[in-house]
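First the structure, in the form of structure tokens, and then the observations on it.
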Amino acid sequence: MLERLPLAVQLKVALGAATAREAMIKIVDRAFSVRTPSNDLMRAVVVSGDVEGNKASYVAATLHVSMRTLFRRRSDAVEAIAAAIDGIVHHSNSGSYLPE
């Protein structure tokens, strides 16, 4: 369960989120806060597929992209989210700054 994972707990605390799911949504929003067509697509891929649990074929059809493009964008999105998490965890461990 997501609520039991140490990283989820750390992110909940660092972001002031009530639940791990809320922290996850905040991370996704933060990773793609700059609105560009590419960021919007990556956010949509992650939200539809990973957060909402839709199948990849459904997500690709809904977003009008090929399966190959879907998985490429998802890979890029995961990297962006990991970087956002790294920034939050690194700064929360130092206790000096939480990026907005």
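Everything numeric in this text was worked out from a predicted model, so none of it was measured.
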Are side-chain N/O atoms of Arg72 and Thr69 paired as donor and acceptor at under 3.5 Å?
-> yes
Trace of the salt bridge (Lys or Arg N to Asp or Glu O under 4.0 Å) decision for Asp40 with Arg43 | CA-CA 5 Å; Asp40 290 349; Arg43 185 184 188 289; over 6 Å; no
From Ile85 CD1 over to His90 NE2, what is the distance, rounded to the nearest 0.5 angstrom?
-> 15.5 Å
Is it true that a side-chain atom of Thr62 and a backbone atom of Tyr58 form a donor plus acceptor pair closer than 3.5 Å?
-> yes
Treat each ILVMFWY residue as a node, draw an edge where side-chain heavy atoms are under 4.5 Å apart, and state whether Val28 and Leu7 are in one component.
-> yes
Heavy atoms only: give me the nearest Ala80-Ala31 pair and the separation to one decimal.
-> O-CB, 3.9 Å
Residue pair Gly16 / Glu22: nearest heavy atoms and the distance that separates them | O-OE2, 4.3 Å
Report the C-alpha separation of Lys12 and Glu3 in whole Å, then their side-chain angles, then the decisive distance to 0.1 Å, and conclude whether the salt bridge (Lys or Arg N to Asp or Glu O under 4.0 Å) test is met.
-> CA-CA 9 Å; Lys12 278 175 36 177; Glu3 295 293 332; 2.9 Å; yes
Hey, what do you get for CD1 (Ile81) to CG (Asp86), rounding to the nearest 0.5 Å?
-> 13.5 Å
Using the side-chain contact (heavy atoms from CB on, under 4.5 Å) rule, take Leu15 and Arg30 through it: C-alpha gap first, then chi angles, then the decisive distance, then the call.
-> CA-CA 11 Å; Leu15 295 170; Arg30 191 170 289 184; 3.5 Å; yes
Could you grab the distance from atom CE of Met24 to atom CG of Leu11, nearest 0.5 Å is fine?
-> 11.0 Å
Are Phe32 and Ile88 grouped together when hydrophobic residues (ILVMFWY) are joined by side-chain heavy atoms under 4.5 angstrom apart?
-> yes
Please say whether more than 12 non-hydrogen atoms of neighbouring residues, nucleotides or ligands are located less than 6.0 Å from CZ in Arg21.
-> no
Are any of the side-chain nitrogens in Asp76 or Arg73 under 4.0 Å away from the carboxylate oxygens of its partner?
-> yes
Applying the 4.5 Å side-chain criterion to the ILVMFWY set and letting contacts propagate, would Met42 and Ile27 be lumped into a single cluster?
-> yes
Mark yes or no for whether Asn39, through its side chain, and Val34, through its backbone, hold a donor-acceptor pair below 3.5 Å.
-> yes
Is it possible for you to say whether Val59 and Val47 belong to one hydrophobic cluster, with membership spreading through side-chain heavy-atom contacts below 4.5 Å?
-> no
